[in-house]
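Since the model is a prediction, treat every value here as computed from it, not as a measurement.
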Protein chains: 2
Amino acid sequence: MRYKRSPLMEERLADNRQRILVAARKLVATGGFRAAQIAAVAAEAGLSTGSIYRYFPSKSELFVEVLGEAVRHEVEILRGIVKSEGSAADRLRRAVESFARRAFEGPFLAYAFIAEPADEEVDAERIRARREFGNVFKTVLREGIASGEFPQQDADVASACIVGAFTEALVGPIGPTHRGERRREEVIETISLFCLRAVVGAAAAPARGSVRR
Amino acid sequence: MRYKRSPLMEERLADNRQRILVAARKLVATGGFRAAQIAAVAAEAGLSTGSIYRYFPSKSELFVEVLGEAVRHEVEILRGIVKSEGSAADRLRRAVESFARRAFEGPFLAYAFIAEPADEEVDAERIRARREFGNVFKTVLREGIASGEFPQQDADVASACIVGAFTEALVGPIGPTHRGERRREEVIETISLFCLRAVVGAAAAPARGSVRR
DNA sequence: AAGAAAAGTGAATCCGCATTCATTTGGTGA
DNA sequence: TCACCAAATGAATGCGGATTCACTTTTCTT
């Protein structure tokens with residue numbers, strides 16, 4: 001009779017797969033893509049290099065999945081904020097702040113996903129990711145424009161600008177130079193205000209209990 | 001007696017060096033870093049692979065110089081605009097527009113320099129480049145803030161945001177997807193208005209004879 | 001418990017390129 | 001013109017890693 005995987009086995013396999021993904025993410029988060037060779041991933045996951053290929057057809061596909069997972073998670077959070085209650089401006093600000101804050105928490109991972117050189121396929125995925133982020137912001141933008149809260153503007157371009165703006169501002173502190181912890185909230189606020197003003201077209205009051213000066 | 005290079009020879013050597021740089025730039029502009037192997041550069045420059053190493057110690061250094069040259073040129077132009085007459089807002093807008101317009105003209109080169117994966121050293125140079133661009137914008141920002149034309153804000157972060165904003169907005173149209181020629185001026189204007197509003201904190205009128213709608 | 005098939009292993013391959021180097025080519029000074 | 005040295009050449013080498021595969025171990029079926 002044909003071989004059949006027991007549920008236990010099934011689970012162990014799924015577990016291995018997951019462990020590989022986690023190991024890969026961890027390596028990227030720690031030392032960037034450069035540190036994430038297959039051999040290293042295998043060691044981290046407690047498997048042999050050969051085994052990796054039993055779960056993923058190639059290194060690229062593995063990392064595309066790692067990136068994809070992270071992005072899906074991030075987008076979910078942002079979507080949640082965007083769909084929540086409040087003015088378009090407020091939701092936009094909260095989304096930017098939320099993203100920035102998380103980027104500060106996992107700097108290397110963020111850096112790798114935002115800016116570190118990688119191979120073609122992974123890079124294509126990164127571009128897709130940026131587009132997805134952009135789309136989330138585009139949603140709020142459109143709502144704000146429709147409601148008259150924001151002035152008329154090309155939402156595609158403007159949302160790309162938003163993504164670019166906080167991305168770049170974050171890579172500075174995130175990448176080589178680490179600004180001190182103290183400045184962190186200040187940077188986050190500057191970024192979100194920047195985006196807000198850009199879109200609103202007027203000095204947006206810091207609003208609720210945000211950190212000042 | 002000791003060997004001495006004739007002026008003619010001297011010139012030919014300098015010429016070769018220059019031709020290598022041009023060849024390298026051309027290849028990057030055409031097919032990105034991926035297409036710019038030493039062998040290809042050599043062929044394009046009409047030399048052998050070995051000869052390249054007579055002029056540059058390594059591939060990385062060659063491309064660092066290529067990038068550096070391009071950046072120096074760009075920064076010069078931007079500096080010129082920043083130092084020209086006019087309100088801070090106007091100079092800022094013109095600088096952004098100028099940069100964006102040139103990026104549209106040489107899309108691949110811009111893409112490669114802005115976003116394409118490359119090796120560590122080249123990438124470090126790219127980061128330096130972004131910082132330089134940022135510094136230019138920081139200058140206007142500071143002036144505008146000092147004069148009260150712009151509201152108080154962290155010029156470091158804000159200038160990074162500006163660079164990031166137009167960079168990202170350009171890589172979209174520049175990279176994989178090419179929006180039609182028609183949208184070009186529109187995109188440029190959206191970008192510069194975005195940056196302007198972000199910094200000024202108020203809807204800035206399109207001013208002079210800029211393209212509308 | 002034996003045989004069959006899957007899963008796991010890691011040393012050996014393979015590959016793409018940068019880099020080198022033994023030769024050849026061609027300026028340079030006497 | 002000769003002897004010599006710099007410059008140019010491009011085939012051969014070296015290298016970092018991904019990928020493979022012959023072999024071992026584990027799991028499943030009867």
Side-chain angles (χ1 to χ4, degrees), chain A residues 1-21 23-24 27-28 31-66 116-123, chain B residues 1-21 23-24 27-28 31-67 116-123 125:
Chain A
M1 198 218 169
R2 274 262 143 289
Y3 177 96
K4 181 78 196 312
R5 291 200 288 240
S6 71
L8 186 71
M9 190 60 191
E10 199 83 62
E11 192 185 320
R12 194 154 63 73
L13 290 185
D15 204 65
N16 280 349
R17 191 170 200 283
Q18 194 53 32
R19 190 156 56 260
I20 293 172
L21 285 169
L27 283 173
V28 171
F33 281 119
R34 287 188 222 290
Q37 303 101 324
I38 288 293
V41 173
E44 177 70 32
L47 290 169
S48 65
T49 61
S51 291
I52 303 290
Y53 287 87
R54 205 164 266 291
Y55 294 87
F56 298 90
S58 73
K59 188 189 182 187
S60 292
E61 295 215 20
L62 164 57
F63 282 95
V64 163
E65 187 159 336
V66 169
E116 194 183 7
D119 67 290
E120 211 160 5
E121 296 175 61
V122 173
D123 217 56
Chain B
M1 197 223 170
R2 276 266 146 278
Y3 177 94
K4 180 81 197 311
R5 288 199 291 240
S6 71
L8 187 71
M9 192 59 191
E10 199 82 61
E11 192 184 322
R12 193 154 65 73
L13 291 184
D15 204 64
N16 280 348
R17 191 169 200 284
Q18 193 54 33
R19 190 156 58 260
I20 292 171
L21 286 168
L27 283 173
V28 171
F33 281 119
R34 285 188 222 290
Q37 305 101 324
I38 289 293
V41 173
E44 178 71 32
L47 291 169
S48 65
T49 60
S51 291
I52 302 291
Y53 288 86
R54 201 164 269 290
Y55 295 88
F56 298 90
S58 73
K59 188 189 183 187
S60 292
E61 295 216 20
L62 164 58
F63 281 96
V64 163
E65 186 159 337
V66 168
L67 212 174
E116 194 184 8
D119 66 290
E120 213 161 1
E121 297 175 60
V122 173
D123 218 54
E125 182 70 12

Between [N] ([atom2]) and [X] ([atom1]): distance, integer Å:
{"X": "A:L62", "N": "D:dG17", "atom1": "CG", "atom2": "P", "answer": "16 Å"}
{"X": "A:M9", "N": "C:dA5", "atom1": "CE", "atom2": "P", "answer": "16 Å"}
{"X": "B:E10", "N": "C:dG27", "atom1": "CD", "atom2": "P", "answer": "15 Å"}
{"X": "B:I52", "N": "D:dG10", "atom1": "CD1", "atom2": "P", "answer": "12 Å"}
{"X": "B:R19", "N": "D:dA8", "atom1": "CZ", "atom2": "C1'", "answer": "12 Å"}

Need one value for [X]: base, sugar-phosphate or nothing, where a base atom within 4.0 Å counts as base even if backbone is also close, heavy atoms only.
{"X": "B:D119", "value": "nothing"}
{"X": "A:Y55", "value": "sugar-phosphate"}
{"X": "B:L8", "value": "nothing"}

Within the pair [X] and [N], is there a side-chain N or O less than 4.0 Å away from OP1 or OP2?
{"X": "B:R5", "N": "D:dA7", "answer": "yes"}
{"X": "A:R12", "N": "D:dT27", "answer": "yes"}
{"X": "B:N16", "N": "D:dA7", "answer": "no"}

Q. Which residue pairs satisfy the ring pair (Phe, Tyr, Trp, His ring centres under 6.0 Å) criterion with at least one member in residues 32-58 of chain A, sequence neighbours excluded?
A.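 As it turns out, the ring pair (Phe, Tyr, Trp, His ring centres under 6.0 Å) pairs with a partner in residues 32-58 of chain A, which skip direct neighbours, are A:F33-A:F63.
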Does [X] have any side chain to side chain donor-acceptor pair (under 3.5 Å) partners at least two apart in sequence or in another chain, and if so, which?
{"X": "A:R5", "result": "A:E10"}
{"X": "A:R12", "result": "none"}
{"X": "A:S58", "result": "none"}

Minimum side-chain heavy-atom gap B:L13-B:R17 below 4.5 Å: no
Problem - Residue pair A:E11 / A:D15, side-chain heavy-atom distance below 4.5 Å - result: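 Contact flag for A:E11/A:D15 side chains = no.
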Looking only at heavy atoms, the pair that brings A:V28 and A:A36 closest together is CG2-CB, 4.1 Å
* Residue whose closest nucleotide on DNA chain D lies nearer the 5' end, A:P57 versus A:S6 ->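 Its nucleotide being nearer the 5' end, the pick is A:P57.
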What nitrogen or oxygen pairs link the protein and nucleotides 22-24 of chain D at under 3.5 Å?
none

Of all residues at least two apart in sequence or in a different chain, which pass the side chain to side chain contact (heavy atoms under 4.5 Å, CB included) check with [X]?
{"X": "A:A14", "value": "none"}
{"X": "A:E120", "value": "B:R34"}
{"X": "A:S48", "value": "A:S51"}
{"X": "B:Q18", "value": "B:L21, B:V22, B:E69"}

Quiz prompt | salt bridge (Lys or Arg N to Asp or Glu O under 4.0 Å) contacts in which one or both residues fall within residues 35-62 of chain A, not counting sequence neighbours | solution =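 Found A:K26-A:E44.
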Where along residues 44-51 of chain B does a heavy atom come under 4.0 Å from DNA chain D, residue by residue in number order?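 Of all residues in residues 44-51 of chain B, the ones placing a heavy atom under 4.0 Å from DNA chain D are B:L47, B:S48, B:T49, B:G50, B:S51.
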Just the atom pairs and distances: protein N or O near nucleotides 15-18 of chain C's N or O, under 3.5 Å.
from   : atom 1 : to    : atom 2 : distance (Å)
C:dA18 : OP1    : B:K59 : NZ     : 2.4
C:dA18 : OP2    : B:I38 : N      : 3.1

